[in-house]
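When a ligand or atom number is given, it counts from 1 through the structure's own listing order. Model, not experiment: these values are computed from the prediction.
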Amino acid sequence: MDTKVLIIGGGPSGLLLSLLLTKNDIDNIILEKNTALHVANRIRAGILEPGTVKILKKAGIGKRLSKEGITHSGFNISFNDQIYHINMKKLANDTVTVYGQTEVTKDLMDKLAKINSKIFYKANNIKILNITKPKIEFTHNSKKIKINSQFIVGCDGYHGITKNFIPKNIKKIYEKEYSFAWLGLLSDTKPISSELIYINNTNGFGLCSMRSKTRSRYYIQCSNKEKIKDWSDDRFWENLYKTLPSDIKNTLQTGPSIEKSIAQLRSYVIEPMNYKNIFLAGDAAHIVPPTGAKGLNLALSDVNCLSSAFKSYFHKKSEEELKNYSKKCLSRVWKTQNFSSWFTNTLHNFPDEDNFTKEMKKNMLLDLINSNTQKLHLANKYLGKY
Ligand code: APR
Ligand code: PHB
């Protein structure tokens, strides 16, 4: 089997890349180790920057997003038991859209199925045999299959294999694990607020988010040693209640969880995002802590860049964009890492934090709330405008 671009990983990055390439008549194949159902049902964040909405609409999957996505012109930050509003529309004249990653994934899968794209689900034992003249071998339905391609793109997430093919003496890895995690719960209950609330109080971080007007997504900070089996729904709601600001806590609507999970917080970057004919995109190349919901936005921005570079290469015979891909993406990656890490550090309580640091953080937030310049800066970062 031959193809132009072999994509390893069929999460949002791999799916969007395949769609954009197919739309531009660039032959491609996705190899995904899990089933379509497994990929479609993963619960992740749900805030789309305006740039991401544009990319998805341009890719032709904006119909349901336009209908069901909820426009948010601001978000709230709560500390010292007070709630402060960041009005992005007023400050920076733009908005974000609440639309779950699960929905983006479903839209991509539906579109790809309609255009008969080539995806092998349950592709096992993927082996990259050659990276200069890419050759890949994998097992599918107990059959060994070989593919020759011009390029390999690793869209295989943090635990993927593609990045291992960038030699140790070429790649640099920057990584930080946080000493706490997020415990998240999804429920069919009315969200406590019409816009998101990022909370810091003595219990730590909390986040009130949503998927729709009747589906809420909440998070609380927990130790990274916690086990999900120890968290009954009641225990979660009790702890969330303690984290909420006094003015609104009694309006919290609780109910049975649809999903509950613990996510470790991590910052990670691999440089460069390209070696020979191998390219990395999305979580395969970088992870941001979830505060600010940048992961999906960053991943889709990589893919947008890479698809344009392949278009230039295959249709205009120009290698320029492919050569600049890593540098261009890494510039956005580090800006996003900077924001995500600042937002995380400011809103969480670190286990060994002294009272001086705690007070400094609160005063920093107070300064921010009282300064239109700083609020505009924050609004632009939240909107993905660097
Ligand atoms: N072979 C084939 N597929 C693989 C392999 C492998 N060896 N290893 C991993 N995969 C698949 C996974 O099963 C998964 O479906 O690669 C896919 C990677 O998907 P994601 O982890 O969702 O990464 P990405 O598509 O880049 O999406 C980024 O996901 O984690 C969030 O915050 C992140 O929202 C962002 C988005
Ligand atoms: C979510 O809804 O899952 C979510 C929203 C905003 C964040 C992180 C996660 O910053």
Side-chain angles (χ1 to χ4, degrees), residues 6-18 30-49 52 70 72 75-77 96-102 104-105 108-109 119-128 136 138-140 152-165 182 184-186 191 195-199 205-212 215-219 259 261 263-266 268 280-303 306 336 339-340 343-344 347 382:
L6 192 284
I7 303 167
I8 304 182
S13 299
L15 293 170
L16 179 66
L17 182 61
S18 172
I30 299 182
L31 304 183
E32 164 58 53
K33 71 172 180 184
N34 282 303
T35 61
L37 198 68
H38 175 95
V39 176
N41 286 338
R42 280 194 300 236
I43 308 283
R44 301 270 167 83
I47 304 293
L48 305 182
E49 294 169 354
T52 306
I70 310 171
H72 278 198
F75 63 93
N76 302 284
I77 298 184
V96 293
T97 305
V98 172
Y99 193 69
Q101 177 169 322
T102 322
V104 174
T105 306
L108 283 165
M109 283 179 168
I119 310 185
F120 288 90
Y121 285 102
K122 294 177 84 177
N124 290 315
N125 299 320
I126 298 174
K127 288 192 187 114
I128 301 178
I136 275 142
F138 67 102
T139 314
H140 190 251
I152 295 173
V153 183
C155 291
D156 46 354
Y158 178 68
H159 299 288
I161 52 159
T162 316
K163 59 177 174 289
N164 301 340
F165 290 85
W182 278 18
L185 182 145
L186 188 70
E195 290 180 341
L196 272 67
I197 314 178
Y198 291 87
I199 306 160
F205 173 81
L207 171 59
C208 305
S209 181
M210 67 204 68
R211 292 292 174 271
S212 70
R215 182 167 285 186
S216 303
R217 179 68 165 162
Y218 294 107
Y219 297 94
E259 192 264 0
S261 52
Q264 170 62 48
L265 267 63
R266 173 177 285 111
Y268 175 89
L280 301 177
D283 276 19
H286 39 73
I287 300 281
V288 286
T291 335
K294 293 296 175 198
L296 177 64
N297 292 292
L298 198 52
L300 301 191
S301 163
D302 287 353
V303 167
L306 189 54
T336 309
F339 168 69
S340 304
F343 213 28
T344 302
L347 293 175
Y382 201 85

Evaluate [X] for polar contact with ligand 1, using N/O atom pairs at a separation under 3.5 Å.
X    : value
L296 : yes
P12  : yes
H159 : no
Q101 : yes

Ligand 2 atoms in contact with [X] (distance to a heavy atom under 4.0 Å):
X    : value
A293 : 6 (C), 7 (C), 8 (C), 10 (O)
G292 : 10 (O)
I47  : 5 (C), 6 (C)
L196 : 5 (C), 6 (C)

Report yes if the side chains of [X] and [Y] come closer than 4.5 Å at any heavy-atom pair, otherwise no.
X    : Y    : result
S13  : D302 : no
Y121 : L37  : no
M109 : V39  : yes
T35  : K122 : yes
I43  : S261 : no
T52  : V104 : no
H286 : T336 : no

Under 4.0 angstrom from ligand 2, any heavy atom of [X]?
X    : value
F343 : no
W182 : yes
R211 : yes

Q. What is the minimum heavy-atom distance between A281 and V153, and which atoms define it?
A.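 That closest heavy-atom pairing would be CB-CG1, 4.5 Å.
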Q: Could you pull out the closest heavy-atom pair between I30 and G9, with the gap in Å?
A: CG2-O, 3.7 Å
(Q) Parallel, tilted or perpendicular, judged at 30° and 60°: which one describes the rings of F343 and Y198? (A)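 Rings of F343 and Y198: tilted, 30 to 60°.
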Give a yes/no verdict on whether any heavy atom in [X] is under 4.0 Å from an atom of ligand 1.
X    : value
G160 : yes
H38  : no
A123 : no

Under 4.0 Å, heavy-atom basis, I'd like to know which part of [X] is in contact with ligand 1: side chain, backbone, both or neither.
X    : value
I8   : side chain
A45  : neither
I126 : side chain

(Q) My understanding is that only one of N76, I77, L207, V96 makes a side-chain contact (heavy atoms from CB on, under 4.5 Å) with L196; could you say which? (A)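 That would be L207; it is the only one of N76, I77, L207, V96 passing the side-chain contact (heavy atoms from CB on, under 4.5 Å) with L196.
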Would you mind checking which non-hydrogen protein atom is closest to [atom], with the distance to 0.1 Å?
atom                    : result
atom 30 (O) of ligand 1 : D283 OD2, 2.4 Å
atom 3 (O) of ligand 2  : Y219 OH, 2.6 Å
atom 6 (C) of ligand 2  : Y198 OH, 3.3 Å
atom 8 (C) of ligand 2  : P290 O, 3.3 Å

Q. Given V288 and T344, is the side chain to side chain contact (heavy atoms under 4.5 Å, CB included) satisfied, shown in steps?
A. CA-CA 10 Å; V288 286; T344 302; over 6 Å; no
Q.
My understanding is that we take every heavy atom of each candidate and find the minimum distance to atom 4 (C) of ligand 1. Doing that for H286, K33, K122, which one comes out nearest?
A.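 It is K33 whose heavy atom sits nearest to atom 4 (C) of ligand 1.
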Q: Can you figure out which of G10, S13, G11, G46 has its heavy atom closest to atom 24 (P) of ligand 1?
A: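 Comparing heavy atoms across G10, S13, G11, G46, the nearest one to atom 24 (P) of ligand 1 lies in S13.
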Q | Location of contacts on V98 toward ligand 2, heavy atoms closer than 4.0 Å | A | neither
**Q.** S209 contact mode with ligand 2 (heavy-atom cut-off under 4.0 Å)
**A.**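 The answer is the side chain.
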Q) Would you say T105's side chain and Q101's backbone share a donor-acceptor pair under 3.5 angstrom? A)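 The answer is yes, because a donor-acceptor pair under 3.5 Å joins these two groups.
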Q.
Looking at Y382, I'd like to know if the NZ or CZ of K294 sits under 6.0 Å from its six-membered ring centre while staying within 45 degrees of the ring's axis.
A. yes
